[in-house]
Amino acid sequence: MSSFPNITSSSLIFFLTGVPGLEAAHAWISIPFCCCYITALSGNGVILFVIITESSLHEPMYYFLTMLSTTDLGLCISTLVTMLGIFWFNARQITFYACVVQTFFIQLFTVMESSVLLAMAFDRFIAICNPLRYNTILTESRIIKVWFAILVRGTVILMPLVLLLKKLSFCQSYVLHHSYCFHPDIIQLSCSDNKINSILGLFALIVTAGVDSIFILLSYILIIKTILSIAAPEERHKAFSTCISHIGAVAIFYIPLISLCFVHRFGKKAPPYVHTLMANVYLLIPPVMNPIIYSVKTKQIRRAIKKVLFPRASEV
């Protein structure tokens, strides 16, 4: 029998970890992380403000972009307090219920981002493969329904996963290996049977990011097929250029996600800080890079930003 007592969830305290092995450099490590958060929050905030205030951007493509920026903001805010709290104040303690709430929102916004990327792929598919019906298919009411469906889908899939955490017992270690509450990290600390939690976690990943990535790939196969059927090279380039920003957003979301999965599966002998840094990159890179990609690659967004933020310069 174990000599460690079972701790009830109501009194359980977890201890978060910054970057294992680099605790002495936390003050310096916080600088790039802080810059990433500032960039992500300000960049996505500007994108939202510009699209809301500029009437020329009230189109389906940019409505989906507001969804992407909203999920990115949610993802940043979900990890901001604990991550910078560790680096700046060594505030490592977090209660079980606060940890569960953070886990839920991190997973929810991750699932929602995957769903939004799929919706944006469908938007590009309709725009290129069936342009004459674009405005009749993607009406404002349908876009609102898509946003509601994305929210409900994430909540329904993740709620059982999070609720099952309350049934776990913890009796040995309470030290989590990340700067935020990560579902696989929590269930690994359990001294009770966590097979159901693991299976449901894998199931949630497959039916969200796994299924979404397959449909995104199929959408682009059809898009490429349609583009190649266009005779004029200029028209091909114009059609493909409308997809560049979305392809970049898909890449910076799925590449870190796949890399993190490989590190957890095959990198058990890697130093602990590798796992932590990969997990932080997975959550921070998309919110940081998405507004940059869309600002650089989308002329309408660039013009709108200049018009809204620098009205005098745009008049020249």
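- When side chains are defined from C-beta on, Lys145 does not count as touching Phe148, because their heavy atoms never get closer than 4.5 Å.
- Here the side chain of Arg92 pairs no donor or acceptor atom with the backbone of Ile86 at under 3.5 angstrom.
- Phe182 and Tyr180 have perpendicular rings, their planes meeting at more than 60° on a 0 to 90° scale where under 30° would count as parallel.
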Candidate pair Ile285 and Tyr282, rule side-chain contact (heavy atoms from CB on, under 4.5 Å), full reasoning: CA-CA 6 Å; Ile285 289 300; Tyr282 153 65; over 6 Å; no

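- The two residues Leu108 and Leu151 come nearest to each other via the heavy atoms CD1-O, 4.3 Å.
- Counting only distance, with no hydrogens or angles, the side chain of His58 and the backbone of Ile51 share a donor-acceptor pair below 3.5 Å.
- Asn44 contributes a side-chain N or O that, together with a main-chain N or O of Ala40, makes up a donor-acceptor pair within less than 3.5 Å.
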Working for side chain to side chain donor-acceptor pair (under 3.5 Å), residues Asn197 and Gln188: CA-CA 10 Å; Asn197 300 76; Gln188 286 177 4; over 6 Å; no

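- Shown here for Phe87 and Ser179, the closest heavy-atom pair between the two residues is CZ-OG, 4.4 Å.
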Steps toward side chain to side chain donor-acceptor pair (under 3.5 Å) verdict (Tyr254, Ser114): CA-CA 9 Å; Tyr254 282 102; Ser114 176; 2.9 Å; yes

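- The two residues Phe49 and Thr53 make their nearest non-hydrogen contact at O-OG1, 2.7 Å.
- In the hydrophobic cluster analysis, where Ile, Leu, Val, Met, Phe, Trp and Tyr join through side-chain heavy atoms closer than 4.5 angstrom, Ile293 is grouped apart from Leu41.
- Looking at heavy atoms from C-beta onward, Asp72 lies in side-chain contact with Glu113 at the 4.5 angstrom threshold.
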Worked check of side-chain contact (heavy atoms from CB on, under 4.5 Å) between Ser69 and Val46: CA-CA 9 Å; Ser69 293; Val46 168; over 6 Å; no

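- The shortest heavy-atom contact between Leu284 and Met83 is CD1-SD, 4.4 Å.
- Judged by distance alone, the side chain of Thr66 and the main-chain N or O of Tyr63 form a donor-acceptor pair under 3.5 Å.
- A distance-only check finds no donor-acceptor pair linking the side chain of Asp212 to the backbone of Leu118 [under 3.5 Å].
- Annotation: side chain to side chain contact (heavy atoms under 4.5 Å, CB included) contacts of Gln93 (sequence neighbours excluded): Ile13, Phe15.
- Side chains of Thr95 and Leu12 form no contact here, defined as non-hydrogen atoms less than 4.5 Å apart.
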Check against side chain to side chain donor-acceptor pair (under 3.5 Å), Tyr37 and Thr79: CA-CA 10 Å; Tyr37 277 113; Thr79 59; 2.8 Å; yes

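- Residues passing the disulfide (SG to SG under 2.5 Å) test with Cys76: none are found, sequence neighbours excluded.
- No continuous path of hydrophobic side-chain contacts links Ile106 to Val81 [ILVMFWY only; heavy atoms under 4.5 Å].
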Chi angles and distances behind the side chain to side chain donor-acceptor pair (under 3.5 Å) call for Tyr134, Asp123: CA-CA 8 Å; Tyr134 181 72; Asp123 168 77; 2.5 Å; yes

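- Gln102 and Ser78 share no side-chain donor-acceptor pair at under 3.5 Å.
- Side chain of Asn290 to main chain of Pro286: a donor-acceptor pair is present (N/O by atom type, distance under 3.5 Å, no hydrogens or angles).
- Val111 and Gly154 make their closest contact through CG1-CA, 3.9 Å (heavy atoms, listed as atom of the first residue, atom of the second, distance).
- Between the Thr242 side chain and the Ala239 main chain, a donor and an acceptor come within less than 3.5 Å of each other.
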Check against side-chain contact (heavy atoms from CB on, under 4.5 Å), Leu68 and Tyr294: CA-CA 11 Å; Leu68 186 65; Tyr294 275 93; 4.0 Å; yes

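- When atom types are taken as modelled, the side chain of Gln300 and the backbone of Leu57 share no donor-acceptor pair closer than 3.5 angstrom.
- Taking both residues in full, the closest heavy atoms of Cys99 and Ile186 are given as SG-CD1, 3.7 Å, listed atom of the first, atom of the second, then distance.
- Between the side chain of Thr298 and the main chain of Ile301, no donor-acceptor pair closer than 3.5 Å is present.
- Between Arg153 and Ser115, the side chains place a donor N or O and an acceptor N or O closer than 3.5 Å (distance only, hydrogens not considered).
- Aromatic pair Phe125/Tyr220: ring centres not closer than 6.0 Å.
- Counting only distance, with no hydrogens or angles, the side chain of Ser241 and the backbone of Lys238 share a donor-acceptor pair below 3.5 Å.
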